[in-house]
Student: 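Pasting in a structure now, in structure tokens, and then I'll have a few things to ask.
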Amino acid sequence: MVTPVPSAVERAAAALARLRHARLLHPAGRTFAAEVLIWGTSGPPTGVPLLDRPGRWPATVRLSKGVPTPGGWPDVLGVAVRLHRDPEPPVDLLVSSSGAAPVLRNLPLPRRRFTGTYTSIMPFRAGARRLFLAALADPDSPDLGRSLAGVDAAVAADEPRLVLAVASAVGPWRPFGEVRLDGRRGAPEDAALAFDPVGNVPPGLRLAGPLARLRDAGYRGSRRGRGVGLSRGARSG
């Protein structure tokens, strides 16, 4: 059954994306080839196989600005990671610039630099537990800079890394893997890339509640408005 509010959000998102000929959210970004290495959750397991068990996957990563503001002005920055798990469906992890502390990890915070803390903002459900996911700065990694051009330069010069971590609503971040950025993908591939942060969550996790439905509707409308579909094997949410 299609409820009125998500349906209206999807139509509005499609109209706005069609009008701007680009993504509704985070229209300006750079897409890179990457590799995701999972070494497993430290401490008690989460019960989510993708977080708890070692693994290695090729990935596609997009770093982006939310509005976007000019140059190095503050903006809500984003990191989107797609794990390619053929023949299994892909997994999409989308995180936004936020704070690391419990009182800040569910708030999007504008920031000038791409090196910093990114969180899922919305919690996931793993059974009866609530978990947040994050991409954290690696202190031994090259700085990603203050602009998308700076991100390009950092990736061209080296292989910057982000640390993947999980936490409860009030617990500390527990690293479980890393993302290593490689060469930049072209503008056509960036334009055609479509993420599904609700349907392509890691198996064992789910986004629930009215905000998840609205987010799903917004992303579906944005994809429809700019005329792109999900990658082969992706779930529709």
Side-chain angles (χ1 to χ4, degrees), residues 25-26 28-32 34-43 46 48 50-51 59-69 71-83 91-126 129-148 150-155 158-181 195 197 201-202 205 207 211-212 215:
L25 299 174
H26 294 267
R30 298 288 191 274
T31 296
F32 302 92
E35 183 180 61
V36 171
L37 174 64
I38 305 295
W39 54 70
T41 312
S42 59
T46 64
V48 180
L50 187 70
L51 312 186
T60 300
V61 174
R62 187 174 192 266
L63 285 89
S64 59
K65 300 190 67 173
V67 176
T69 58
W73 288 21
D75 203 339
V76 175
L77 308 178
V79 175
V81 181
R82 167 163 288 169
L83 278 66
V91 164
D92 291 342
L93 304 175
L94 274 65
V95 289
S96 300
S97 56
S98 185
V103 294
L104 297 176
R105 64 184 53 158
N106 62 341
L107 297 175
L109 299 177
R111 195 170 66 221
R112 290 181 183 272
R113 305 195 70 86
F114 277 89
T115 297
T117 297
Y118 300 81
T119 78
S120 55
I121 307 296
M122 296 175 60
F124 295 90
R125 291 282 184 180
R129 292 171 298 167
R130 291 198 307 162
L131 298 174
F132 287 85
L133 298 180
L136 309 176
D138 184 333
D140 298 321
S141 173
D143 190 282
L144 288 170
R146 296 181 57 173
S147 66
L148 291 170
V151 172
D152 280 342
V155 176
D158 207 331
E159 292 185 345
R161 299 176 302 279
L162 296 167
V163 174
L164 298 175
V166 61
S168 65
V170 296
W173 292 109
R174 295 192 289 154
F176 65 85
E178 70 174 15
V179 179
R180 187 179 296 269
L181 300 175
F195 294 97
V201 297
L205 291 177
L207 282 168
L211 290 180
R215 189 182 192 192

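Model, not experiment: these values are computed from the prediction. What's counted below: heavy atoms across the whole structure, side chains too, no hydrogens, waters or symmetry copies. Throughout, numbering of the chain's residues begins at 1 and tracks the sequence.
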Student: Can you name the closest pair of heavy atoms from Pro68 and Ala28 and give their distance?
Tutor: CG-CB, 3.7 Å
Student: Does some side-chain heavy atom of Leu164 sit less than 4.5 Å from a side-chain heavy atom of Val179?
Tutor: yes
Student: Are any of the side-chain heavy atoms of Arg130 and Arg125 separated by less than 4.5 Å?
Tutor: yes
Student: Once you round to the nearest 0.5 Å, how far does CZ of Phe132 lie from CG of Asn106?
Tutor: 5.0 Å
Student: Answer yes or no: is there a side-chain heavy-atom contact under 4.5 Å between Val79 and Phe114?
Tutor: no
Student: Who pairs with Arg112 by salt bridge (Lys or Arg N to Asp or Glu O under 4.0 Å), at least two apart in sequence or on another chain?
Tutor: none
Student: Which pairs, with at least one residue in residues 162-178 and sequence neighbours excluded, count as a side-chain hydrogen bond (donor to acceptor under 3.5 Å, both in side chains)?
Tutor: Glu178-Arg180
Student: I'd like to check Asp140 versus Arg161 (side-chain heavy atoms, cut-off strictly below 4.5 Å). Are they in contact?
Tutor: yes
Student: Per the side-chain contact (heavy atoms from CB on, under 4.5 Å) rule, which among Thr115, Val95, Thr117, Leu162 passes with Leu136?
Tutor: Thr117
Student: Quick check: closest heavy atoms across Pro172 and Ala167, and the distance to 0.1 Å?
Tutor: O-CB, 3.4 Å
Student: Is Leu50 close to Leu205 at the side-chain level, that is, under 4.5 Å between some pair of heavy atoms?
Tutor: no
Student: Can you name the nearest heavy-atom pair linking Ile38 to Leu51, along with the distance?
Tutor: CG2-O, 4.1 Å
Student: Can a donor-acceptor pair be found, under 3.5 Å and without considering hydrogens, that links the side chain of Asp75 to the backbone of Val67?
Tutor: yes
Student: Rounded to the nearest 0.5 Å, what separation is found between the CG atom of Leu77 and the OG1 atom of Thr69?
Tutor: 8.0 Å
Student: Identify the two heavy atoms, one from Ser97 and one from Arg111, that lie closest to each other, and give their separation to 0.1 Å.
Tutor: CB-NH1, 3.4 Å
Student: Is there a donor-acceptor pair closer than 3.5 Å between any side-chain N or O of Thr119 and the backbone N or O of Ala134?
Tutor: no
Student: How close do Leu109 and Ser98 get, counting heavy atoms only, and between which atoms?
Tutor: CD1-C, 3.8 Å
Student: More than 12 heavy atoms of other residues, nucleotides or ligands under 6.0 Å from CH2 of Trp39: is that the case?
Tutor: yes
Student: Got Val76 and Pro110 here, is their nearest side-chain heavy-atom distance under 4.5 Å?
Tutor: yes
Student: Spell out, as yes or no, whether a donor-acceptor pair under 3.5 Å connects the side chain of Ser147 to the backbone of Gly150.
Tutor: yes
Student: Nearest 0.5 Å please: distance from the NZ atom of Lys65 over to the CG atom of Leu148.
Tutor: 6.5 Å
Student: Below 4.5 Å, heavy atoms only, C-beta onward: do Val166 and Val48 meet side chain to side chain?
Tutor: no
Student: Quick one: closest heavy-atom pair of Ser141 and Pro160, and the distance?
Tutor: OG-CA, 3.3 Å
Student: In Å, rounded to the nearest 0.5 Å, how long is the span from CZ of Arg82 to CG of Leu94?
Tutor: 9.0 Å
Student: Decide yes or no for Leu93 and Phe195: does some side-chain heavy atom of the first lie under 4.5 Å from some side-chain heavy atom of the second?
Tutor: no
Student: Hey, could you give me the CG/CZ distance between Leu207 and Phe124, rounded to the nearest 0.5 Å?
Tutor: 4.5 Å
